[in-house]
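In what follows, residues are counted from 1 in the order of the sequence shown. Model, not experiment: these values are computed from the prediction.
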Amino acid sequence: MTGSVGIYNPLPRALAHYEAELRYCLRDSCIELKCIPAADIEVGASRSFGGILRVANAVLRSVAQRFRIRSVDGLVVIWPSFGVADLLTWSFHSIFYPVYVVIHDPLPMAGESGSGGLARRLIRVIGRCLRVRTLCHTETVKLILWEKYRIESRVVPHPILASASHPRDLEREKIEGDARRAIRVVGQFKPSRSIAALADLVPLRQAGCSLEIVGRGWPTVDGWDVRSEFVPEDELAALIGTASLIVIPYSRFYQSGVAVRALECGVPVVAPAHEHIIELYGDDWPGLVGSGRDWKTAALLAMEQGPEVLARRLAELSRVTNESWVAALD
């Protein structure tokens, strides 16, 4: 695609880094990127009458604002504000220019309006008539979208930020102290987080490692220092970038933005042998758990990898990712 493409981000705080990653991905293409202001829909759910009115007002403002979008040759919606039903709200726009909606979570772990039975029936009946194009980041999501909603989607890699100044400098490996030996879990707690995996890593304390969990909603975890609070963007970047190892203790997930950011910073991860982790770090990554390799063993092997290994992987993946996104928007 040539011309101008708008990036519509309805969660400007939560998805600020994802938007930056996508902009970096498309920076060398013939596409002119435009920022499309989005109405703030980050409102707390409430069953009170006043809460329902606030949510309804936010929805109406969001939809009405979309009709003021002008002078674009295409639009990338990086989060569906109203679940899969969001595809319906963009159908009018798709008459005039291509609209691409990125679906991150086809089966929300928490209840999400727009992804229930009514939305599913509507999408199944009229979804094939829509000109809105659906993008996702894993084959698993693609399969679920088809089986549950009969939505045909295209898999593109999670965008990745690989600017020359961003990966961890090789000299930083010489830093001594707790930061260099910090094993961290960052991000909000969800029921899909595996406490058992974290228990397997507790013996690493005896190897001089600090075990830290920072994120909202985490319970007490034996052997780990837990700070259960919201982590602002600048602190999140620092927590990832100064770690020796990032732990992805997920039992169910579709993709991991934290794992992407770890690779961007040149930080190794230990994680299940999931398709998204394999896409990021490679199928030969020693930090993959499975096939007889437990969490402790995988963690130790991952921390042995030099920064030059991750720098090469980042460069290779960035090239492929950029090409894939440009092709998807063609």
Side-chain angles (χ1 to χ4, degrees), residues 14-18 20-22 24-25 104 137-138 157-170 172-173 175 178-190 192-194 197-198 201 204 209-215 218 224 231-250 253-289 295 298-318 320-321:
L15 293 181
H17 190 78
Y18 183 94
E21 289 169 329
L22 181 55
Y24 181 86
C25 239
H104 301 257
H137 295 320
T138 61
H158 191 295
I160 193 162
L161 185 61
S163 59
S165 61
H166 199 72
R168 194 159 54 167
D169 192 290
L170 301 188
R172 291 178 57 188
E173 290 301 307
I175 296 176
D178 290 341
R180 185 176 183 274
R181 298 296 296 172
I183 297 177
R184 292 193 178 116
V185 177
V186 296
Q188 182 179 355
F189 176 78
K190 296 178 181 178
S192 60
R193 304 313 187 229
S194 174
L198 299 180
L201 294 171
L204 292 180
C209 298
S210 64
L211 304 182
E212 307 168 12
I213 299 174
V214 185
W218 275 90
W224 289 75
V231 184
E233 170 60 30
D234 56 346
E235 185 179 357
L236 178 64
L239 286 170
I240 295 174
T242 60
S244 293
L245 181 74
I246 292 294
V247 183
I248 311 293
Y250 304 167
F253 65 109
Y254 302 112
Q255 61 270 319
S256 171
V258 170
V260 173
R261 296 184 67 157
L263 182 58
E264 291 172 352
C265 294
V267 175
V269 302
V270 59
H274 183 278
E275 65 171 298
H276 186 234
I277 305 298
I278 292 173
E279 178 185 65
L280 292 174
Y281 283 79
D283 58 7
D284 58 347
W285 175 246
L288 298 177
V289 178
W295 283 87
L300 291 171
L301 291 173
M303 286 191 289
E304 291 175 358
Q305 304 305 300
E308 67 282 352
V309 173
L310 295 174
R312 283 197 304 269
R313 182 62 189 171
L314 179 63
E316 295 168 0
L317 186 63
S318 177
V320 173
T321 300

Inset, instruction - Output the distance between atom CD1 (Ile213) and atom CZ (Arg184), rounded to the nearest 0.5 Å. - result: 12.5 Å
Legend entry - Non-hydrogen atoms of Pro159 and Thr321 that approach each other most closely: CA-CG2, 3.9 Å
Legend entry - Contact check, side chains of Ile277 and Phe253, non-hydrogen atoms, under 4.5 Å: yes
Inset, instruction - Would you indicate whether the side-chain heavy atoms of Leu198 and Arg193 approach each other to under 4.5 Å? - result: no
Inset, instruction - With the side chain counted from C-beta on, respond yes when Leu301 and Val270 share a heavy-atom pair under 4.5 Å apart, and no when they do not. - result: no
Inset, instruction - Sequence neighbours left out, what passes salt bridge (charged side-chain N to carboxylate O under 4.0 Å, His left out) with Glu235? Give chain and number order. - result: Arg227
Inset, instruction - Kindly give the heavy-atom pair with the smallest separation between Gly187 and Trp218, and that separation in Å. - result: O-NE1, 2.8 Å
Legend entry - Interatomic spacing from CG in Leu300 to CG in Leu204 - rounded to 0.5 Å: 5.0 Å
Inset, instruction - Sequence neighbours left out, what passes side-chain hydrogen bond (donor to acceptor under 3.5 Å, both in side chains) with Glu279? Give chain and number order. - result: none
Inset, instruction - Give the minimum heavy-atom separation between His158 and Gly257, together with the two atoms involved. - result: NE2-CA, 4.2 Å
Inset, instruction - Say whether, by atom type as modelled, one donor and one acceptor occur between the side chain of Trp224 and the main chain of Leu201 under 3.5 angstrom. - result: no
Legend entry - Exercise: identify the closest heavy-atom pair between Ile160 and Cys25: N-SG, 4.3 Å
Legend entry - Leu161 side, atom CG; Glu264 side, atom CD - distance, nearest 0.5 Å: 5.0 Å
Inset, instruction - Measure the spacing between CG of Leu239 and CD of Glu212 and express it to the nearest 0.5 Å. - result: 7.5 Å
Inset, instruction - Determine whether Val231 and Val186 make a side-chain contact, defined as any pair of heavy atoms from C-beta on separated by less than 4.5 Å. - result: no
Legend entry - Partner residues of His104 under the ring pair (Phe, Tyr, Trp, His ring centres under 6.0 Å) criterion, sequence neighbours left out: Tyr18, Trp79, His137
Legend entry - Side-chain (Tyr281) to main-chain (Pro286) donor-acceptor, under 3.5 angstrom: no
Inset, instruction - Determine whether Arg313 and Gln305 make a side-chain contact, defined as any pair of heavy atoms from C-beta on separated by less than 4.5 Å. - result: no
Legend entry - CG-CG distance between Leu314 and Leu263, expressed to the nearest 0.5 angstrom: 5.0 Å
Inset, instruction - Could you tell me whether the side chain of Trp285 reaches within less than 4.5 Å of the side chain of Leu280, counting heavy atoms only? - result: no
Inset, instruction - Quick one: pull up CZ in Arg181 and CG in Leu211 and give me the separation to the nearest 0.5 Å. - result: 10.5 Å
Inset, instruction - Determine whether Pro157 and Leu317 make a side-chain contact, defined as any pair of heavy atoms from C-beta on separated by less than 4.5 Å. - result: no
Legend entry - Atom of Ala259, atom of Val269 and distance for their closest heavy-atom approach: CA-CG1, 4.5 Å
Legend entry - Taking every non-hydrogen atom, the tightest pair across Ile248 and Pro272: O-CD, 3.3 Å
Inset, instruction - Return yes if some donor-acceptor pair links the side-chain N/O of Arg261 with the main-chain N/O of Ile240 below 3.5 Å, else return no. - result: no
Inset, instruction - Return the orientation label for the His274 and His276 ring planes: parallel under 30°, perpendicular over 60°, tilted otherwise. - result: perpendicular
Inset, instruction - Taking the side chain as every heavy atom from C-beta outward, state whether Lys190 and Tyr250 have any atom pair closer than 4.5 Å. - result: no
